[in-house]
Structure formats: C-alpha cells, structure tokens
Amino acid sequence: ETLRVGMECTYAPFNYRTSSGDLVGYDVDVAKGVAEIIGADLEFVCQQWDGMIPALLANKFDLIVASMSITESRLEKIDFSSPYRDSVGRLVGKSGQDMNLFDPSGNPIPENFSGLRIGLERASTYESWFNAKLPNANVVLYDGSEPLYLDLVNGRVDAIMTNPMKAHLRFLAKEEGSGFEFISPAISEVEFFGIGVGIGLRQGQPELKARLDSAIKKLINTGKLTEYALKYFPFPIHNEEWGDG
Amino acid sequence: MSFDLSLIVETVPKMLAGVGLTFQLLGLSAFLGLILAIVLLLMRISGKWYLDWPAQLYIYVFRGTPILVQIFIIYYGFPQLEFIRESVLWPIFRDPFGCAVVALSLNTGAYVSEILRGGVLGVDRGVLEAGEALGLSTTQRFIYLTTPIATRLALPAYGNDIISLLKSTALASTITLMDMTGIARTIVAQTYAPYEIFISLAIIYMILTFFLQKFISLIEAYLGRYTKRES
Amino acid sequence: MELLSGWWDDFFWGSVVVAQVFLASLVLMVIFGLIGAAAKLSGNRIVQKIANGYTVVFRGTPEILVILLLYFGSAITLTWISRLFNPDIKFVDVPPFWAGTVAIALIVGSYATETFRGAFLGVRPGSIEAAKALGMSGLQVFFYIRIPEMWRLALPPFGNHMLSLIKDTALISIIGLNETLFVAKQAIGTTGKPFTMYIVVGLIYLGFSTVITLTVMALERYGNHTVRAR
Amino acid sequence: MISPQPLIRMQNVGKHFGTFQALKGINLDVIKGERIVVCGPSGSGKSTMIRCINRLEKHDEGRILIGDTELTDQIKDLNAVRREIGMVFQSFNLFPHMTILNNLMLAQKLVRKTPKAKARDIAMRYLERVKIPEQADKYPVQLSGGQQQRVAIARALCMKPEVMLFDEPTSALDPEMINEVLEVMVDLAREGMTMICVTHEMGFARSVADRVIFMDAGEIVEEADPETFFKTPQHERTKLFLSQILSH
Amino acid sequence: MISPQPLIRMQNVGKHFGTFQALKGINLDVIKGERIVVCGPSGSGKSTMIRCINRLEKHDEGRILIGDTELTDQIKDLNAVRREIGMVFQSFNLFPHMTILNNLMLAQKLVRKTPKAKARDIAMRYLERVKIPEQADKYPVQLSGGQQQRVAIARALCMKPEVMLFDEPTSALDPEMINEVLEVMVDLAREGMTMICVTHEMGFARSVADRVIFMDAGEIVEEADPETFFKTPQHERTKLFLSQILSH
Ligand SMILES: Nc1ncnc2c1ncn2[C@@H]1O[C@H](COP(=O)(O)OP(=O)(O)OP(=O)(O)O)[C@@H](O)[C@H]1O
Ligand SMILES: Nc1ncnc2c1ncn2[C@@H]1O[C@H](COP(=O)(O)OP(=O)(O)OP(=O)(O)O)[C@@H](O)[C@H]1O
Ligand SMILES: [Mg+2]
Ligand SMILES: [Mg+2]
C-alpha cells in the first residue's frame, strides 16, 4: 500500500526541502512515523496551500500532513485523524511599538487594527479568525508562508499572523527577525483553531482514519512525537492528553 | 460529478467585484507599455548602435523569460536590494499593484515594440520615397506617412497582445492582489469547489476577451477604411 | 555565488523537469495544432464549430486558470466518466506533470491551429495547379508539394509557439511540480534571498529561449536555402 | 479518307462562377498538329476556357472531349487525361523547394512511373532543348523569369503530352526575356506540336498560328486565319481591341 | 546672348552599390524646356540615374548641379531642391491612407506652406487637368491603375516643379490604361515642361522627345534626336535592343 501525502514543502520547520534536496520537518517526521506503524509506503506531493483540500478531494493525494488544523468548516469537506500538534496563532510585528491591539483578557480591540495591514496565508485558520473577529481589518492574502516574512521585513505589511513556533524558529531567532517580536498573546480558540493539527483524509474511510488515530496515539505514547519536536524546538508541541485511551 | 449551480450564482458577483482591478491593471499597463514600446522602437530604428543594442538586449531578455518570473523578481526580489528600498521609487515597488503594473508594462512593452517595428518595416518603401521626392523632411515623413500606415498594419497583432495582457493580469493574484483571479482563488480556498469557480471565471474572461476583440476590430475597420475597394 | 551552494543540483533537476515538460508538450502541441487546423479546413460545419470553440476557449482564458482547471478538473471529470462504464473505479488520477503539460499544450496548440491553417493555405496555389496539371494525384500533391512548402512557412510562428511553451512551463510551479521556479521558492525559504534565486530562474529560462531561438534560426536557414536568390 | 478526329472537342461549353457566366456556348475543335492562338480583353474568359480543357476548372454546360474521353465528374482517371495535356502558366509555377532537375523529374516518376535514371535523361534532354542544361541543379528563384518559363515548358514536355496549353506565357516577363521564351515556342510549333496559346504577342500569332480566336465576355467572337484576322477583322469589338493592342 | 545655363548638369557621375558599379561617368546637361527619353535594358542604370538627380540615391563620383546648387552631403536645404523636381514612379506610390485630394494637398501644406484653401484649389485644378476631378474624395485603392498614375502626376505638378522625372510611368499598367497616362504626359510636354522620362514607349519617344538616351551597363551608350536614334542607331548594342523592343 502506497499513501500519497500532500504538503506545501515550503513551510519550515514543519515541511520543507533542504539545500541537499531532502524533504524534512516535523510534519514529515510524523508522516514517516505513522507510515511505519501502519505499514505503508509514502509518496510526497507538494501542493500550494490554497489548493490543499481541493487537491485532496480531486485525489491528487490521499493524506494531508501539512500542519492543517482540525476546524469545523474543514470537517464539512474532509475527515481528520486525531491531533498530533497544537494549533495556535500569534501576531508578529515591529518590536517596541506598543500598539495595544488586545485587551488584558486577550480579545482584539478592532479600532486599534484600523490602518494596519495584516499578512496571512490564503485559506488559513488565521484568515477565518480575522474574518470572524476583525471583519474590517485590512488583510493581505499570500500563497505561501515565506513571502509573509519577506514582506513584513519589506514593510509591505505591518504585522503577520502565523504559527508562533514557526515564527520563532524561522524568523525571530534569526538575524533578519531582529527588530520584530510577538505582538499578541497566543490565540487558540477551538472554534477557529480547532483542537489541534491533524492528518487530513477524504471522508468515508473510517478504517483508514482508525489506523491513523491509533498510530498517532502510539507515537505520543512511545515519546516519538516529543522526540520529533525536540529536533526543531526546545519544547514538545503536542498535548500529552491526546495519547490517553 | 456534482456541479453546484447555486454556488456559481452566489460567487460570480463576488468575482466581478475584481473586474475593476483587472481593468486598472490592463489599462495602466497597456498605456505605460505602449509608451515604453514607442521609446524602444525609436531606439531600434534610430540607426545608432548605442541605442539599438540596449533596446535589442532589453527586448531579448523580456521576451525570453516567463512573465511570472519577472513579476516575482520585481515583487519579491527587488526589496532584497538596498538601493531600491532607499530609492524614491520604493513607494511603487512597495505596493503590489505598483509591482504588477511595472512588471506587466515592462513585459508588454518588449512585445509591442516588436509589433510596431513590424508595422514600420511593412510600410511600402515606395510611398516613403514619394514623400521624399516631394520634399517632405524625415520627421514629416515619419509623422504623416509612416505612423498612420504602420499603425494600421500593426493593429491586428497589437490587438492580440492586448488580449495576452488581459490574461497576464491574472498573474497579479500571485502577489496578493485581489483581482478577479485573486478573489476566485480565495473563494476556492474557502469553498473547496475549484471546478465551478474556475469555470465561471474562465467564462468571464472569455466574455471580456470577446468584447475587447470586437472593440479592436471596430478600430481596425475604421483605420483600414482606405483599404477597401468600394467606397 | 556562495548563496547558491547546495542549490545548484536542485536547479539542475528543476531544469530537467522544465525540459521534460517542454518536450512532452511540444509533441502534444503539434498534434493539437494539426488536428485543429485539419478540422478548420474540413468542409464539415460541425467539426469547424468544434475547432473554433477550441481556439476561442483556450485563447480567451488566462493560462493560469487553464492549468488550475485541468489540474483539479481532469481527475474529477475522468473519474466521473470512467465510473459511467465501471462503477467500481474509485479514482482516476492525472499527475501534475501531465495536467500541466496537457494544459500548456492545449493553450499553445490553439495558436498553432491558426499557424498550421495559415501555412496550409499559404502554399501558392500555382504550384498545386501545376502539379495537378502534370497529372499528379491528390495525395501526391499533398506529400510532394504541400508539406515541403508548408513547414517552411510555418516555421517562424512555430518558433514563437515553442518560446511560449517554454515560458508557460513556469506556471506549472503553481500546481507543485518541482521545476525551477518551485525550487527557487523552496530555496528562498531557507536562504531568504528572493532576488538571487529568481534571477537564477530567469537566467535558466533565458538559456532555454536562446537554445530554441538558435535552433529555429538554423532550421529557417535550412528551409530557405531553396528560396534564397543566387 | 475521313477527316481526322479532333483531339479536343468543346461543344456548347458554359461555365459559371456563382451567378457570373464566364463562358457561354463555346464551340471549338482542335485537330492534331493545329496551333491556335486565343486573344481578347482581360476577363473575357480566355484562361477559364483553357483551364476547362484540363479540368482545372469544371465546366457546367455542354461537353468537352479529349480524344475519346469525355470530361465529367465520373471520369475514372482524370490524371491519365491530364498527363496528355501539358500546361504552362503565366507565373511559371515551378516547385520552389526543388532543383530544376527535380522539377522536371517529379511528375515523370510519380505519374509516368519512369525509372529515376531514365527520368533524368529525359529531363536533361528537354533542358538542353530549352537551352539551359547548365542550370539543372539550381533552385527556381536563382533563375531569371525567362529561364524559369523555359523550365516550365520543359517540365510539361517531359510528360510527352499530346497537346500543350499556354496561358499568357510571356506576360509576366521583362521585355528582353520575352523573345527567348517565344523562340522556344516557335520551335515547338514548327515541330508539329498541337498547341493552344493565350497570348497578346501578335508577332507570334502571325508567324505560327493556324487559327486566331478572339474572345469577349465569355464568347468566341471571331475566329480566322491570322492573315484575315489582322487585315480584315469582321467585328467592331475585334477592331477596337486590335487598335489598342497594336497602337503602342 | 549666351547659351542658357543648364537646369540639370551631371558631370562624370558615378555610383556604386557595394562593389557593383551602377553608373559610370555619366555626363548629361538638360536645359529648360528640354524633353529627354531614357531607355535601355533592365539593370542598365536608368532608374539609378534619375534617382540621383533628386538625391533619392547619393552619387559617389562626379558632380550633379541643379540650377546653381550642387548636390553634396553638405547641402543645407535638400528639400528646397527636391520641391523643384517632381517625380513619378512606376508603382504610383500614392499615400494609401489619404484621399486623392489629401494626397495632392499634403506636400503643398508641409513643404510649400500653402494655406489649406489655396492648396485645395491648386489640387482641384490639377485633378481637372488629369481629368479625374470626380475622384477627389476617394482613396487610392478605389482607382484603376491608370487613374492612380494620373493622380501621381497631378500630385507632383501641384508643387510647381521646374523639372519632372518619370521612371517607367506606364510599365505597371494594363494595356488599356497606358494610353490615358501617355496622353497626359504628351500634354505636359507640349506645354513646355522640362522632363526626363525613362520609358519603353517608343511612340511617345518619337513624338515628343528632343533627345533619346540609350544606357547600358551604367553608361550612356548613345544619345541622339529620335529621328536619328530610331532610323540610324550607331552602336551594336542599341541596334540589338531596338530590334527586341520593336519586334513584338
Ligand atoms: N475562381 C473564380 N471565381 C470567380 N470568378 C472568376 C474566377 N476565375 C475567373 N473568374 C471571372 O471570370 C471571368 C473570366 O476570367 P478569365 O481569367 O478566364 O479571363 P481572362 O480572359 O483570362 O483574363 P486575363 O487576360 O485578365 O487573364 C473574369 O470576369 C473573372 O473575374
Ligand atoms: N539599392 C540597391 N542595392 C544594390 N544594387 C542596386 C540597388 N539599386 C539598384 N541596384 C543595381 O543597380 C543596377 C541598375 O539598377 P537600375 O534600377 O538603375 O536599373 P534600370 O535600368 O532602372 O532597370 P529596370 O529597367 O529593371 O528598372 C542593377 O544591376 C541593380 O541590380
Ligand atoms: Mg487569364
Ligand atoms: Mg528602373
């Protein structure tokens, strides 16, 4: 059995290609770990983010292992395995400018967003969060995550919303990221960000879903998932409770 | 295969909201591209190598590389260069609309200058000699004879280029612009229904192409009125 | 070019993909163009209408849309069609390579249709009448007079079609084919140097275009050796 | 002895282009060895008439017989008829992508199935006859108009036709080149080739024609031996035409 | 009274195209009112010679004077010289995108700075003179070849030139149209216009030329009044040429 796995291939450190041509990252490790457990061969397919679900539906591949959060709206079209990673978003912007975007309880203050351009990936959880919470914000949509950082540095956008782990590793910890910082608390409302990041699959395959679920639980319980995370981050990025039961 | 008609009814108006941006891109780039094309043309027919060669090189490079790559170099690549970030042009390059217009104009200019050159070369030499023999100066011949005749000769090819340009504006969606294609791609990302949305969008573009073509053939008929044997 | 260290081989393999897509789509483009031209020249009204529809659709739609449509649409359509015959079939897939290749071949083929048609009509009727008057049959006229004259006429625009094809391959990066532009996107992810990477892509394409242009020039020189005076 | 059966027989032939009638009730018999010159104003149907004879145009009224074969849609082997009829056009119509020699050999090989070596011999023989054997390996564009037209004549002769049709063979030529082509045609006529020639070269008509035919508006208006035709034309239209042709 | 100064004086004029010498040591004086016919085989340099006179080609040896002005690279106002020299081409060369009237008015307005109304009057006058005033508002393609050439003559005349140059004005015309153009030229000649005319219309040469010039291989081979030229040509080359031209 060969399973084709869709991912962006440009979403460091979750799934990306190194200069030596290897596809690596946390998502890749998870996919490989799962495959080993369920005894399947893998084939990776690179797909731009905005076409990820249509491509799965069009049978371009069988699984999405691309840091995709398990949200209500996505569940209408596809199924997800149980989660293997936290799903959370955070805004990044210029440091030292107290923009006062959130009240102490962590809710956005819409007035203070006016006049700001916010960069997001098209069709991301962040986009749905903004659409719901700040419908009047000036949102600029990108086809990948890399351009977000480039344009933040270039000043084409004032802030971006993205995965904080990724932002830290890919950007803030690097030289080009000096002068930028997180300008929001971690946002992870289940309504938008789901219960976490899972493996996407087409609906109507309960058996495959069950195999994926148990494989992920096994990865958590054997400590593999922590091991994967520590390759890239100083801390694990999943919830140990997901492994119980 | 399910084909969701209600989805089309619902989304077409949303896509049409982007038609204004599409036309702004088209109009502005066509205008700037034409000016660039005329400059390049004059450089090429100047007979001076130091004008001709740079123009040829420019045309060669811009016709030899994909427009998408040109767009990416200008949008993503230029800000990497310090001197561009510090130049007075930065406000243009900072703006995705500015980048798209610059890229489309630079690209179409290269093509159109060759089209115009074809028209100029197509002007009957005898006609120009007749003008010369009547005592018209070089400039007068260029204005009164070459320009009107070459315009008419170049028009059909120019029309095709305008239509190519319309289609190229769709690539602006790759640099965050919300033209019709950008909107459509966002809708697809939300509805996961590429088939319905993209087909509707294709039809919209075809209708635009159709009217553009009609418009061009009207101009052609007007400019070509002197080629018809019956009055 | 320290920046590029480690990425050279990726760009190389990306170029190989570009070359593969180009060659495969070239073959298809010629086939589509010839079928289109034959259809337009056939006396049959319906066949002509279909051919006209083909050219109108593929000339009027942005290339990027055609590619996206074929990428997403082809599998759905093919699956749907094959299920009519065999309900057990789950999915028929069209890999991105072929979806992209067929898409650009269809686009450029719609232009080639006119080129081939024009070249066919451009063969001087005098030569053909002379051949008929000498008693040559229709087929003989076609193979000995029409074809040899036609390809010479078709060559210059055909060269332009090849350039369009090579440039359109860049659009296939949008559906995730690992060609040079996609390699550049990946490289930018680790190096953060978009200008350098996209310039490399531009130079690679300029190289391809140059090779094609020189080839066409050589062929034209060969084709025209018979019509050069003295 | 009965009078010889005509090689070409046109009986009441008519031809329409759409609603326009290009030929009306043409009657013409041509016997073996006859040399006929056809003249008339532009658009009078001269080309149309001779093109009907080898069916480059299809007539739509009357009958045309070549030997015993009637030209109809049912005709089994049109190409068999055509190879008996050589034709030379105003604009030479050489095959531009072939050398002179190949121009002469192609139809021999394809239509007459002549072996290659023999075809080459025949081709060279006729090239010598039109006095340009040294041009055999050139391409048509490399030749002057007069030379091209002589090649065209040689190409038709290679097929050993019974009849030769000429449609204004000299009118696309510069004045100096006209004579070199006319000379070849006069030679042919002297050797007894049956020929129908549309031309305005009145010197040629006077010296070789057995009959001159004057056409106007799709009809044969006058038909006479050259002597009578030029000295005492019968019809007003003919007189007017001759005065124009001969005035300059 | 001293003999009149020549209007055009060519002294030992030579012209090369690359290594090919198209004109060699041409000497020619044309006085006011003279009518000169130039003939000779194709490629002999006839066109090149008259094109040098209004500097459509630059000669590279010898001197050419128009009145007192020598044609050199330093010449300040070439167009001032050119407007004194009208030229009519073989292929008419009307401005295809302008009506007949505008064809006639353009150079008047731009070169002579004639006011629009006056330019129109002059244009209409010359259109009447060439007998097609009713075509004023048509475009060139809508006219027959003969009409177009008459317009071309009128266009040159509108500039009131001192000299008219004609380069085979009738050789692109159908036989029926040649006479209508020749008539206009004969009229012009009768009125005393100075003209140099390249043509093979020998009837025209006989009836109006003061001198006939025969060129071959870039040289003036023979020069004589028409009577002498046609009756007793001196050079072999001239005899051969005349026999070809007059035979058909
Ligand atoms: N294929 C055609 N379709 C329509 N009309 C035609 C066609 N061929 C010829 N004609 C018309 O038929 C008439 C006779 O034409 P034809 O060519 O036989 O004249 P012609 O006597 O040979 O004239 P010319 O001296 O100009 O060659 C003309 O009025 C011409 O316009
Ligand atoms: N622009 C040019 N470049 C090179 N050679 C030229 C050019 N113009 C004319 N020639 C050559 O100069 C020679 C004289 O040409 P010209 O046109 O003066 O001859 P002509 O006597 O007018 O001939 P025709 O009767 O054919 O018009 C010819 O051999 C011609 O090929
Ligand atoms: Mg004819
Ligand atoms: Mg000449």
Side-chain angles (χ1 to χ4, degrees), chain B residues 34 38 41 45-49 112 115-159 216-231, chain E residues 47 50-51 53-57 77-100 102-113 135-144 148 151-152 155-161 163-167 172:
Chain B
L34 184 60
I38 292 170
L41 167 73
I45 63 176
S46 67
K48 306 209 167 59
W49 66 268
V112 172
I115 290 171
L116 297 183
R117 201 170 72 95
V120 168
L121 294 180
V123 176
D124 185 2
R125 267 198 55 200
V127 166
L128 296 178
E129 281 191 347
E132 202 177 343
L134 284 167
L136 268 58
S137 70
T138 311
T139 321
Q140 287 172 335
R141 291 199 299 274
F142 192 78
I143 296 172
Y144 291 95
L145 303 181
T146 305
T147 303
I149 298 174
T151 305
R152 166 110 152 77
L153 293 178
L155 198 65
Y158 183 68
I216 292 160
S217 37
L218 278 182
I219 300 178
E220 243 178 89
Y222 174 74
L223 287 182
R225 65 198 180 286
Y226 61 82
T227 59
K228 302 213 174 49
R229 293 195 139 271
E230 314 81 44
S231 51
Chain E
S47 300
I50 68 167
R51 286 161 60 82
I53 293 173
N54 69 352
R55 215 166 169 72
L56 286 178
E57 304 285 358
D77 196 358
L78 178 60
N79 291 334
V81 174
R82 279 187 177 148
R83 73 185 175 213
E84 303 304 332
I85 306 178
M87 177 142 182
V88 175
F89 301 82
Q90 173 174 353
S91 45
F92 329 144
N93 293 344
L94 296 183
F95 307 139
H97 59 299
M98 294 180 179
T99 61
I100 299 308
N102 284 331
N103 261 277
L104 269 62
M105 288 165 62
L106 183 72
Q108 293 190 60
K109 286 189 291 188
L110 296 180
V111 182
R112 287 249 180 239
K113 313 283 179 213
Q135 311 287 353
D137 294 321
K138 291 202 181 156
Y139 286 100
V141 272
Q142 296 166 344
L143 270 54
S144 74
Q148 288 192 49
V151 171
R155 181 175 66 178
L157 292 176
C158 282
M159 301 298 288
K160 313 244 163 94
V163 193
M164 287 283 286
L165 309 177
F166 293 87
D167 191 0

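- Among the candidates E/Met159, E/Gln108, E/Arg51, the residue making the largest number of heavy-atom pairs closer than 4.5 Å to chain B is E/Arg51.
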Open item on the list: side chain to side chain contact (heavy atoms under 4.5 Å, CB included) for B/Tyr226 and E/Val141? Distances and angles first, verdict last.
Closed with: CA-CA 7 Å; B/Tyr226 61 82; E/Val141 272; 5.6 Å; no
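- With a 4.5 Å cut-off on side-chain heavy atoms, E/Val111 and B/Leu136 count as touching.
- Residues B/Thr227 and E/Pro96 fail the side-chain proximity criterion, which asks for heavy atoms closer than 4.5 Å.
- Heavy-atom pairs under 4.5 Å with chain B peak, among E/Gln90, E/His97, E/Arg55, E/Glu84, at E/His97.
- In this structure, chain B has a heavy atom under 4.5 Å from the backbone of E/Ile85, while its side chain stays farther away.
- Remark: E/Tyr139 OH to B/Lys228 NZ distance equals 10.5 Å, nearest 0.5 Å.
- To the nearest 0.5 Å, atom CG of residue E/Leu110 and atom OG1 of residue B/Thr139 are 11.0 Å apart.
- Heavy atoms closer than 4.5 Å to chain B are found in the backbone of E/Leu94, but not in its side chain.
- Looking only at distances, no side-chain donor or acceptor of E/Asn54 sits under 3.5 Å from a matching main-chain atom of B/Ala133.
- With a 4.5 Å cut-off on side-chain heavy atoms, E/Leu56 and B/Glu132 count as touching.
- With a 4.5 Å cut-off on side-chain heavy atoms, E/Arg82 and B/Leu134 do not count as touching.
- For chain E, the nearby parts of B/Glu129 are the backbone and the side chain; heavy atoms of each come within less than 4.5 Å.
- Considering CG of B/Leu128 and CZ of E/Phe95, their distance stands at 8.5 Å, rounded to 0.5 Å.
- Of the atoms belonging to B/Arg125, it is side-chain heavy atoms, and not backbone ones, that fall under 4.5 Å from chain E.
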